[in-house]
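Report on one structure; see the data block that follows.
Since the model is a prediction, treat every value here as computed from it, not as a measurement. The chains referred to below are lettered A, B, ... by the order of the sequence lines, with proteins before strands, and numbering in each begins at 1.
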There are 2 protein chains.
Amino acid sequence: MDVRTICLGILTRGDATGYEIKKLFEEDGYEHFVEASFGSIYPALNRLTEEGYVSVRSEAQEKRPDRKVYSITPAGRTAFVASLLKPLPEDRHRSPFVFAMLFADLLPGPRVTAMLDAYIHQIGEKLAHLNARVDASKSSGERFVADYGRTVYEATLNFLRTHRAEIEKQQPAQAAE
Amino acid sequence: MDVRTICLGILTRGDATGYEIKKLFEEDGYEHFVEASFGSIYPALNRLTEEGYVSVRSEAQEKRPDRKVYSITPAGRTAFVASLLKPLPEDRHRSPFVFAMLFADLLPGPRVTAMLDAYIHQIGEKLAHLNARVDASKSSGERFVADYGRTVYEATLNFLRTHRAEIEKQQPAQAAE
DNA sequence: GTTTGCATGTAAACGGTTACATGATTGG
DNA sequence: CCAATCATGTAACCGTTTACATGCAAAC
């Protein structure tokens with residue numbers, strides 16, 4: 001899902017500035033499945049404006065750059081829905097952690113333990129973040145996705161906690177053949 | 001995790017050609033967490049060779065390009081382990097499907113149903129693929145990762161099957177406000 | 001007779017990130 | 001006093017994908 005489509009999607013829920021769109025990514029539970037940086041959001045919004053999928057109004061501010069508030073246009077709404085109706089790209093899950101676990105036997109035991117601890121902690125944080133904002137979900141889709149995230153994170157944590165010994169009990173090994 | 005590191009990792013398990021590395025990605029359960037195309041693998045192997053992390057021997061073949069069989073060198077092994085010892089990049093999960101579900105209320109009901117069916121089928125396939133090769137896992141890490149994948153896929157399927165009604169019971173809606 | 005598998009590689013295009021530039025205000 | 005928040009934007013860089021080029025053999 002490219003940044004343009006993501007911006008359009010967020011704007012179907014209400015007007016926002018580029019800055020706010022970025023915040024919504026990080027705070028509103030979107031960050032588990034999509035991400036984007038300012039370097040891609042601002043150009044995307046400019047292009048969407050040129051194409052007529054969004055409109056802008058500038059709100060002058062003192063001592064700060066003008067806020068540029070974007071609204072999705074009817075054409076934008078149509079284009080957004082159309083992009084969801086055509087075949088979706090496949091999921092991409094890239095997990096350096098899981099990749100590393102594949103080679104646990106080449107790593108020192110304590111390092112594997114530390115990696116597991118760190119990863120479990122990290123997932124725990126994400127789960128806590130999701131639980132912290134149960135209330136805020138408005139549409140049925142948002143609630144569904146939040147519950148989905150919770151379920152997956154919980155299953156992950158549970159697996160890691162109950163199975164970690166299987167790769168930890170290796171004695172510290174050097175990268176030997 | 002970049003393609004170079006992934007190639008190095010695969011080569012710790014035995015010699016392989018670029019072509020075979022690609023196959024291993026797809027067949028050996030790696031594809032759930034990492035991916036790469038020929039267009040990135042071949043240049044990566046050339047660069048690794050220049051840097052001394054892998055060595056090549058050419059096996060002449062009639063009527064086909066020579067097989068270039070790559071082996072990891074001691075320096076490559078050291079570099080690979082070192083790359084796993086430094087802080088790992090965070091996971092990236094990008095799921096166009098989940099993103100689309102966030103906007104289920106903007107889509108026609110039957111379409112949401114079709115998307116759920118397709119996704120459930122797709123995850124089911126991945127799970128089946130993983131189950132089909134339980135035996136082949138050699139290291140404890142490989143077994144651990146395969147079990148991890150199974151657990152997560154099963155939890156996902158279970159959630160989708162038991163909660164799909166929550167976004168399906170919407171009546172067919174137009175993209176209206 | 002067409003598709004799939006084997007086998008390597010290049011070039012252009014793409015999408016995105018990172019770092020930089022600018023700068024006031026508020027909270028710790 | 002420093003960090004974070006607000007606010008937009010550009011440019012260089014990066015890794016990767018896609019499409020192309022080549023071509024035989026075996027399976028369907």
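Using a cutoff of 4.0 Å between basic side-chain nitrogens and carboxylate oxygens, A:Glu31 and A:Lys126 are not scored as salt-bridged.
A donor and an acceptor atom, one from each side chain of A:Ser140 and B:Glu166, are nowhere located under 3.5 Å apart. Side chains of A:Asp91 and B:Ser95: a donor-acceptor N/O pair is present below 3.5 angstrom, by distance only.
Between the P atom of D:dT16 and the CG atom of B:Leu45 lies a distance of 13 Å, rounded to the nearest Å. Separating the CG atom of B:Leu48 from the P atom of D:dG15 is a distance of 13 Å, rounded to the nearest angstrom. Note: CZ (A:Phe25) to P (C:dT17) measures 9 Å, nearest angstrom. For the pair B:Asp2 CG and C:dT17 C1', the interatomic distance rounds to 15 Å; values are reported in whole Å. Rounded to whole Å, the distance from CD1 on A:Ile6 to C1' on C:dT17 is 14 Å. Protein atom CD of A:Glu59 is 9 Å distant from nucleotide atom P of D:dA7, rounded to whole Å. In this entry the distance linking CD of B:Glu35 with C1' of D:dT18 reads 14 Å, nearest Å. Taking atom CD1 of B:Ile41 as the reference point, atom P of C:dA7 lies 14 Å away to the nearest angstrom.
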Just the atom pairs and distances: protein N or O near nucleotides 8-12 of chain C's N or O, under 3.5 Å.
unit_1, atom_1, unit_2, atom_2, d
C:dT8, OP1, B:Lys68, N, 3.0
C:dT8, OP2, B:Tyr19, N, 3.0
C:dT8, OP2, B:Tyr42, OH, 3.0
C:dG9, OP1, B:Lys68, NZ, 2.2

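In this structure a side-chain-to-backbone donor-acceptor pair under 3.5 Å is missing from A:Glu154 to A:Thr151.
Hydrophobic clustering (side-chain heavy atoms under 4.5 Å, transitive across Ile, Leu, Val, Met, Phe, Trp, Tyr) keeps A:Val69 apart from A:Phe38.
Taking the six-membered ring where the residue is Trp, the centroids of A:Phe80 and B:Phe103 are separated by under 6.0 Å.
The side chain of B:Ser40 places an N or O atom within less than 4.0 Å of a non-bridging phosphate oxygen (OP1 or OP2) of D:dT17. One finds a side-chain N or O of A:Ser37 lying less than 4.0 angstrom from the OP1 or OP2 phosphate oxygen of C:dT17.
Here A:Tyr53 contributes atom OH and A:Arg4 contributes atom CZ; the two are 7.0 Å apart, rounded to the nearest 0.5 Å.
Of the residues near DNA chain C, B:Lys23 and B:Arg94, the one whose nearest nucleotide (by heavy atom distance) lies more toward the 5' end is B:Lys23.
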